[in-house]
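Residue numbers start at 1 and run along the sequence shown. On a predicted model such as this, the values are computed, not experimentally measured, just so you know.
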Amino acid sequence: MSVSRTKHQEQHRTAVAGLPGKARPAVTVVDTVQRMKQVRRGLVGPVGLVPTMGYLHEGHLSLVRRAREENATVVVSIFVNPTQFGPCEDFAGYPRDTRRDLAMLEEADTDVVFMPSADEMYPPQSSTWVEVTRLTERLEGAARPTHFRGVTTVVAKLFNIVQPDRAYFGQKDAQQATVIRRMVADLNMNLEVVVCPTVREPDGLAMSSRNTYLTPEQRQAAVVLYQSLKLAGQLWDNGERDAARIRREMKLLIEQLLIERRPIDQQALGEIDYISVADPETLEELDTIASAALVSLVVRFGRTRLLDNVVLRLDRHR
Ligand code: AMP
């Protein structure tokens with residue numbers, strides 16, 4: 001552990017517990033913008049923010065732990081943001097379990113949980129969007145046209161309210177992380193964006209709050225995403241640089257695995273939405289991979305879209 005981390009943790013303990021050795025108080029839960037701004041004024045920096053939509057799992061907790069290591073104070077937001085869901089998407093049915101989330105965050109040594117209502121974040125008179133262009137027209141943006149406008153607007157608002165020194169996001173949502181980095185650079189926001197590795201189930205499926213939507217058969221079949229990404233990695237390690245060939249091999253593998261696993265006399269359990277081999281910065285599709293590529297895909301299982309990715313680069317095993 002670095003000296004600065006130790007120092008931050010010490011500062012944190014002193015800040016939240018008053019006296020060293022004393023039991024730390026329960027996590028502070030805040031549900032209004034005004035109160036969050038007031039609480040923020042009393043927080044010891046650096047402050048790390050982990051934005052989430054709740055229904056937490058190990059993926060979220062890995063971000064909280066990283067924030068804990070690197071900051072004196074950790075703020076986690078829980079907000080199922082209506083503006084990032086399309087009209088036919090799962091906003092109303094998105095899984096929620098606040099009591100469990102708070103217990104997990106307390107266990108992970110979180111200082112403040114900010115969990116505003118939708119009316120608190122979007123009063124009736126709100127009329128402002130924060131929009132990143134170009135990067136958001138591809139991949140998830142092409143499939144979900146208003147999604148990123150909702151994400152960047154709510155994340156910009158959270159940054160203004162919480163004023164973190166660092167904000168933590170998952171590589172699982174690679175395009176989201178790229179879009180947020182762009183927003184922070186373009187709007188000269190005063191914070192560091194930290195992107196943390198994807199946390200997976202033992203069989204390789206990326207953890208996601210939406211995995212709970214899957215039937216047991218779909219859950220088993222969902223491992224095809226990880227298997228196809230592993231194949232992309234093997235092809236890359238063996239010297240393959242032709243992006244079309246990588247996409248084609250991934251598609252063949254997924255189709256074959258989904259057909260093998262389909263219940264007798266039934267349709268395949270899942271369907272490929274897209275497979276992309278793109279430049280990690282611009283997200284433009286590549287013909288030939290020179291030095292790095294973001295390989296990402298979505299497979300639909302019923303109404304559930306599962307998303308995953310891997311970055312191929314020359315030093316990826318280092
Ligand atoms: P969500 O609650 O789905 O909006 O996710 C909140 C944050 O957790 C986002 O930055 C996600 O990218 C990140 N996240 C979600 N799943 C994972 C995972 N399996 N591993 C790492 N980070 C994740």
Side-chain angles (χ1 to χ4, degrees), residues 53 55 57-60 84-97 138-145 147 170-176 197-238 240 242-278 283 285-286 289 293-312:
M53 298 207 297
Y55 210 72
H57 50 66
E58 271 301 311
H60 298 111
Q84 71 188 68
F85 290 79
C88 299
E89 293 181 2
D90 56 338
F91 173 67
Y94 194 83
R96 294 160 167 91
D97 190 342
R138 305 173 178 281
L139 305 172
E140 284 304 276
R144 307 175 69 191
H147 171 67
Q171 174 64 25
K172 156 83 169 39
D173 300 288
Q175 185 178 14
Q176 172 174 281
T198 302
V199 177
R200 299 177 178 283
E201 301 285 357
D203 68 354
L205 176 66
M207 289 191 181
S208 163
S209 308
R210 289 189 167 103
N211 291 349
T212 119
Y213 294 151
L214 301 174
T215 65
E217 294 78 26
Q218 290 172 338
R219 167 63 191 83
Q220 272 195 323
V223 72
V224 295
L225 282 96
Y226 180 61
Q227 287 176 341
S228 72
L229 292 172
K230 258 196 343 195
L231 174 65
Q234 284 158 3
L235 292 167
W236 169 258
D237 290 343
N238 291 338
E240 185 59 79
D242 181 336
R245 219 172 286 153
I246 293 178
R247 284 185 213 103
R248 193 166 58 238
E249 293 295 325
M250 289 174 69
K251 180 169 183 284
L252 284 173
L253 178 74
I254 294 170
E255 286 171 348
Q256 184 194 337
L257 292 174
L258 287 176
I259 284 173
E260 275 171 18
R261 286 162 185 266
R262 112 188 121 172
I264 296 164
D265 292 339
Q266 285 188 24
Q267 287 186 326
L269 286 161
E271 212 178 313
I272 298 169
D273 215 345
Y274 64 78
I275 298 176
S276 158
V277 180
L283 305 183
E285 291 300 319
L286 294 170
I289 311 172
L294 172 69
V295 180
S296 62
L297 78 163
V298 169
V299 181
R300 250 180 301 118
F301 292 88
R303 288 172 59 89
T304 308
R305 298 173 75 251
L306 295 186
L307 170 69
D308 203 348
N309 70 82
V310 69
V311 178
L312 305 178

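Here E255 pairs with K251, I272 under the side-chain contact (heavy atoms from CB on, under 4.5 Å) rule; sequence neighbours left out. The side-chain contact (heavy atoms from CB on, under 4.5 Å) test applied to L253 returns Q227, S228, L231, L257, not counting sequence neighbours. In terms of the side-chain contact (heavy atoms from CB on, under 4.5 Å) criterion, residue partners of P95 (sequence neighbours excluded) are, by chain and number, Y55, S209, T212, Y213. By the side-chain hydrogen bond (donor to acceptor under 3.5 Å, both in side chains) test, Q171 pairs with N309, sequence neighbours left out. Applying the ring-ring contact (aromatic ring centres under 6.0 Å, His included) criterion to Y274, with sequence neighbours excluded, gives no partner residue. E271 pairs by the side-chain hydrogen bond (donor to acceptor under 3.5 Å, both in side chains) definition with nothing, not counting sequence neighbours. For the side-chain hydrogen bond (donor to acceptor under 3.5 Å, both in side chains) test, no residue two or more places apart in sequence or in another chain qualifies with S208. Considering only residues two or more places apart in sequence or on other chains, Q234 meets the side-chain hydrogen bond (donor to acceptor under 3.5 Å, both in side chains) condition with none of them. For A222, the side-chain contact (heavy atoms from CB on, under 4.5 Å) partners are L205, L214, F301, L306, not counting sequence neighbours.
Residues V223 and Q220 come closest through the heavy atom pair CG1-O, 3.3 Å. Closest approach of W236 and E240 over heavy atoms only: CE3-O, 3.6 Å. Residues A243 and L286 come closest through the heavy atom pair CB-O, 3.1 Å.
Tested against M207, the residues H57, K172, H60 include a single side chain to side chain contact (heavy atoms under 4.5 Å, CB included) partner, H57.
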CA sep, side-chain torsions, deciding dist, call: R248, R245, side chain to side chain contact (heavy atoms under 4.5 Å, CB included) | CA-CA 5 Å; R248 193 166 58 238; R245 219 172 286 153; 3.3 Å; yes
Mind running side chain to side chain contact (heavy atoms under 4.5 Å, CB included) on D242 and E249 for me, showing each step along the way?
-> CA-CA 11 Å; D242 181 336; E249 293 295 325; over 6 Å; no
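In this structure, F91 CZ and Q84 CD are separated by 9.5 Å, a value rounded to the nearest 0.5 Å. Remark: I254 CD1 to Q256 CD distance equals 11.0 Å, nearest 0.5 Å. Distance check, rounded to the nearest 0.5 Å: CG of L294 to CD1 of I289 gives 10.5 Å. Atom CE in M250 sits 4.5 Å away from atom CG in L229 (nearest 0.5 Å). In this structure, the separation between CG on L312 and CD1 on I246 is 6.0 Å, given to the nearest 0.5 Å. To the nearest 0.5 Å, atom CG of residue L297 and atom CG of residue L225 are 4.5 Å apart.
At distances below 3.5 Å, not a single donor-acceptor pair connects side-chain atoms of Q218 with backbone N or O atoms of G270.
Applying the salt bridge (Lys or Arg N to Asp or Glu O under 4.0 Å) test to every pair with at least one member in residues 221-233, sequence neighbours left out, gives no pairs at all. Every pair passing salt bridge (Lys or Arg N to Asp or Glu O under 4.0 Å) that includes a residue from residues 297-308 is listed here, sequence neighbours excluded: E140-R305, R200-D308, D273-R300, D273-R305. For residues 202-218, every residue pair satisfying the salt bridge (Lys or Arg N to Asp or Glu O under 4.0 Å) rule, not counting sequence neighbours, is listed here: D90-R210, D203-R219.
Residues S296 and Q175 have side chains that never bring a donor and an acceptor to within less than 3.5 angstrom of each other.
Residues E89 and R144 have side chains in contact (heavy-atom distance under 4.5 Å, counting atoms from C-beta outward).
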